[in-house]
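As structure tokens, the structure follows; a few thoughts come after it.
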Amino acid sequence: MTITPDAVPAAPVQDPEWTNRYRQRLRAAMEELAQQHEPISFVQIQELAAERVPLNDYDASMTKSGAVRAWNNLGWLLTTSFEHAGWLHATADGGFRIATPGVAALSDHPDPEDLYQVAGTAYGDWDQLRKAALATKPTDPDTQVVHDSSGFAHARLATAPVLSAWRDGNSALLPGTDVWGLATAQVLHDFLIAQPTPDGPMSELDSDAARVLAAEMWVVLLAPLSDMIGSTKRSRVRNPLVKMTLTPPGLPPELSAHLEAGFVHGGQTLIAAPWVMLSSFVQILVRWHDQSVEARAAAWQDPWAFRDLVSGVPGVDPRVAALLCVIVHPTSFTTVLRPADRAAIVSALGTDADVLTGDVDKDLLTITVRLQSAAGGAPVRYDQAPLHQAWSEADGGRAWLVRGEVDQQNRVPTWTSQGIVSITVGKLTHLPKEPTQKSLTDLVDEHYGDLPVVKREAKKRDVLSFALGMNDGDLVATVDGGALRLGVVQDEPAQLQSIGGMTLLTRAVAWYPDLAPEVKSLPGSIRTRVRFKGEDVLDLTEIVSALGDLRPADAEVERPDDLDGLDGLDGPGGQEMPEETTAEDQQAEAVLACDEAALAARLYHADGSWISELMVSLNERRQVVLEGPPGTGKTYLVQALLEACGLTEAQWALVQFHPTYSYEDFVEGFRPVATSDAGGASLTVTPGPLKRIAEEARNAPGKPFVLVIDEINRANIAKVFGELYFLLEYRGAEVELLYSAGERFALPPNLFIVGTMNTADRSIALLDAAMRRRFVFLSMGSEEPALARMLHRWCEVTGRPSALADLRDRLNAEMVKRGLDPALAFGPSYFMRDGVESPAGLDRLWRRELRPMLIEHHYGKHQQVDAWYPFAGWSAELGLSAPGDVAANEPTDQAGGGAE
């Protein structure tokens, strides 16, 4: 069989022994890891496993994402099932170290199939537990601080075995070993004093007990945090273990799962200083051992004795001391970690009815119990609106920054024209009748329960700050392109509205119409804050005076006179949606729509039938490929379609496929990111254009988004789309992405994909049958009735001679006569240019574009092109050029590229 350059290699056929072989390879990899006394790289694991279980052709074949099948499978299973079963540790640089439970599993399950199944079951249990919504132990809100979130329950379960080990002189990871004793604490203390910023694995620490102590300390410090993702917590806990001299203990699956959630907002300044946290804890532990046995026992029982002990250690970060207090004695302490903040709360919120003692923590307990009682026993959060604004300094009023440019869309013009400001809350269907901190928090928990805890907590802060924190008279700032806009919050409640297909939470704002200074010209104190990339709503009260100074003395704010029936608002006057309104009632299905007749006329079609078929195909199938010869205006038509459908630049993206385009370019892949080290860089997973626009579409389900793929057949489609190839046919399904382990991804229904394909390019393979099944293909050739004689209509409308269209028809007819495929015909756009009808314009068109293409098409007989296609003579016959022009334009080199 002869393999031609255009042949497409057949997909490898899975052999029956693949399953047995990859599970044998998994066991071989674990056995090789068991022989090592330090972490080894994944490349080394591959080499060792391949020696034990060699790769055959199927194993060595590439997956759709371009990875070697055997290693893609091995890496996935090691970092999911086997790691979360507690059998090994993955290192920060991609290596692995086996743990003692992994060694035991090899002994207990000698059969590779059994080993695989046990690991899979353990992973399933771990995954289910980390996502579980757990109930908390009942608390008396009249005497105790209430923390009733599921994150609190997870944090308590994660820290319970470690706190027990601390109290009893034991170890949660190495039972029977007193890693919390003074000797081990002193070793770790001295190490951290000598190396205040050690590397993650603490490579220079030579005490295994101290390493285990550090890991268990990290559990206590990190489990409560709600603003750190679970994978980062687990990585910090594992880091000290991977460099142990002896085989390290595993991370128990139950403890690992509970690290996923949290209930304390630690803040980025604390999270970004990990060694400050660990050093403070070690200093506390050393001082702890200086106390009598009776004093330590009292501290476990008495919250104030514990507070006095841990907060009285010199050099300890007070936030760490407060964090330990709230996790050891949660019913007596709040989640406010900074002493100054606790004092400010007592000063601002204490009333004459409170019996205050002068002890800030005890007084805060008194105030908290009162506020809980007023809220019907619900917990209170001092770090969220409206309580945060009630105690934080705001002598000159408050100021807020609200993101105006979201998902690559600028909302500010809409805000200023309608007298509002907004944030996206696409999953909310109603607002509580009485918005309070508890009712809004519960609403976000209910509708955003599928989000990781870090993202869910951020959404809570945004909603609470926007709905309860912003008050009448507060300043609002936003960035409009490169300019800063300012407005004043009006005394009206937050409303839930649907604007432009998006569900938004809005507040009434009177904007300064003529105040728009360039951000780059602002003082540094303002410029750095308004460019901060964080939550959608930020408290800028610390610079409220500076923002106020930007307003001229005579500046006046304004709102539209009539806010009823604003364009784009659903419902009379943009009123609040009734509680019984469902998501389906609010959000119509996203469709592409335009004036089909007008678009057809703009494109010089005979009628709107072809455009109508295109619109029906797009709205029914969501995926269309426009195919045709060069010059038929495929890309131009797509751009005209996007404009006719009213899509903004934020609603569409265009990518150009080419032979080297890959999954990593299109979906996601590792990309280098500069680090703080001079010249240093690290690899991070970066989304490609498909994932970015899919996320934007998912955040605005009522709006259509379009991804345009130009020259779609120039890339290896199966390789570029990878596992998303499946989603092209099954839009409602989800798959796990290759690089974002564990992340479920789906193509949203409001994302349309439009490809263009040049049927004349013989250097690339045509799309296979599987791809054609996933797309609707529409021809843009002149055989389409509505597209026939397009050039004639253009000539008529623009006043060009119709002979121009006749010249193109004669050229294409001669090409067919000379044996060329009709797919190689020249499209009308070659001739639809200003000045092309002049003799000089026709001469340039022939010499620069048409003749070189014909020479290529007739390769081997190119010397006869000028005789077969007397372009200048035809032009003269049709009255497009004078006879004198013909001779001037005749080429002199019949075998080459022509005279110029």
Side-chain angles (χ1 to χ4, degrees), residues 22 25-49 67-68 70-106 115-116 118-120 122-127 130 173 199-203 211-212 214-216 218-219 222 228-244 246-260 274 452 668-670 682-685 736-743:
Y22 83 69
R25 193 173 291 118
L26 269 170
R27 181 175 179 84
M30 290 291 289
E31 290 174 347
E32 290 296 337
L33 282 168
Q35 302 300 316
Q36 309 298 320
H37 301 294
E38 59 182 13
I40 61 174
S41 70
F42 187 47
V43 172
Q44 291 174 286
I45 295 173
Q46 293 172 16
E47 295 172 350
L48 294 170
V68 175
W71 306 137
N72 184 62
N73 172 273
L74 180 65
W76 171 258
L77 291 170
L78 288 178
T79 55
T80 53
S81 302
F82 283 55
E83 181 178 1
H84 294 305
W87 294 356
L88 53 79
H89 300 298
T91 65
D93 57 0
F96 292 92
R97 178 84 189 272
I98 198 168
T100 50
V103 176
L106 288 173
L115 186 73
Y116 171 83
V118 171
Y123 173 76
D125 294 342
W126 171 87
D127 188 49
R130 71 177 176 128
L173 301 179
D199 62 357
M202 301 182 177
S203 299
R211 289 180 175 278
V212 175
E216 296 189 14
W218 278 130
V219 172
L222 304 180
M228 177 182 285
I229 61 175
S231 59
T232 302
K233 295 179 184 179
R234 286 186 285 271
S235 178
R236 284 197 185 174
V237 173
R238 287 189 171 107
N239 271 336
L241 304 176
V242 298
K243 289 284 190 176
M244 288 179 62
L246 301 177
T247 303
L251 188 58
E254 296 82 3
L255 191 157
S256 169
H258 292 311
L259 288 174
E260 193 72 19
E668 66 174 6
F670 285 109
S682 62
L683 293 177
T684 186
V685 177
E736 289 194 352
L737 297 179
L738 176 65
Y739 291 98
S740 298
E743 179 180 342

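Count residues from 1 along the sequence. Since this is a predicted model, take the numbers as computed values, not measurements.
- Taken to the nearest 0.5 Å, the CG atom of Leu78 stands 7.0 Å off from the CG atom of Leu33.
- Residues forming a side-chain contact (heavy atoms from CB on, under 4.5 Å) with Ala28 (at least two apart in sequence, or on another chain): Arg52, Val53.
- With rounding to the nearest 0.5 Å, the separation of CD in Gln44 from CD in Glu32 is 11.0 Å.
- Under the 4.5 Å side-chain criterion, counting only non-hydrogen atoms from C-beta, Phe96 is in contact with Thr79.
- Taking NE2 from His37 and CG from Leu246, the interatomic distance works out to 10.0 Å, rounded to the nearest 0.5 Å.
- Ala70 and Arg25 get closest at one heavy-atom pair: CB-NH1, 3.8 Å.
- Nearest heavy-atom pair, His89 versus Val242, reported as atom, atom and distance to 0.1 Å: CB-CG1, 3.7 Å.
- The two atoms that bring Ser203 and Lys243 nearest to each other are OG-CE, 4.1 Å, heavy atoms only.
- The OG1 atom of Thr91 sits 12.5 Å away from the CG atom of Leu241 when rounded to the nearest 0.5 Å.
- Counting heavy atoms from C-beta outward, Arg27 and Leu106 have side chains that approach closer than 4.5 Å.
- Listed by chain and residue number, His84, Trp126, Arg234, Leu251 satisfy the side-chain contact (heavy atoms from CB on, under 4.5 Å) test with Ser256 (two or more places apart in sequence, or in another chain).
- One distance of note links CG of Leu259 with CG of Leu222; it measures 7.5 Å at 0.5 Å rounding.
- Closest heavy-atom contact between Gly250 and Leu173: O-CD2, 3.8 Å.
- Scanning both residues, Leu74 and Leu26, for their nearest heavy atoms gives CD1-CD2, 3.6 Å.
- The shortest distance between side-chain heavy atoms of Ser81 and Tyr116 does not fall below 4.5 Å.
- Nearest heavy atoms, Pro240 versus Ala215: CG-N, 4.1 Å.
- In this structure, Val118 and Trp87 have side chains that are in contact, with non-hydrogen atoms separated by less than 4.5 Å.
- At a threshold of 4.5 Å between non-hydrogen side-chain atoms, the residues Ile45 and Trp71 do not count as touching.
- Interatomic distance, CG of Leu48 versus CD of Glu31, reported as 12.0 Å (0.5 Å rounding).
- Annotation: side chain of Gln36 is not in contact with side chain of Ile98 (no heavy-atom distance under 4.5 Å).
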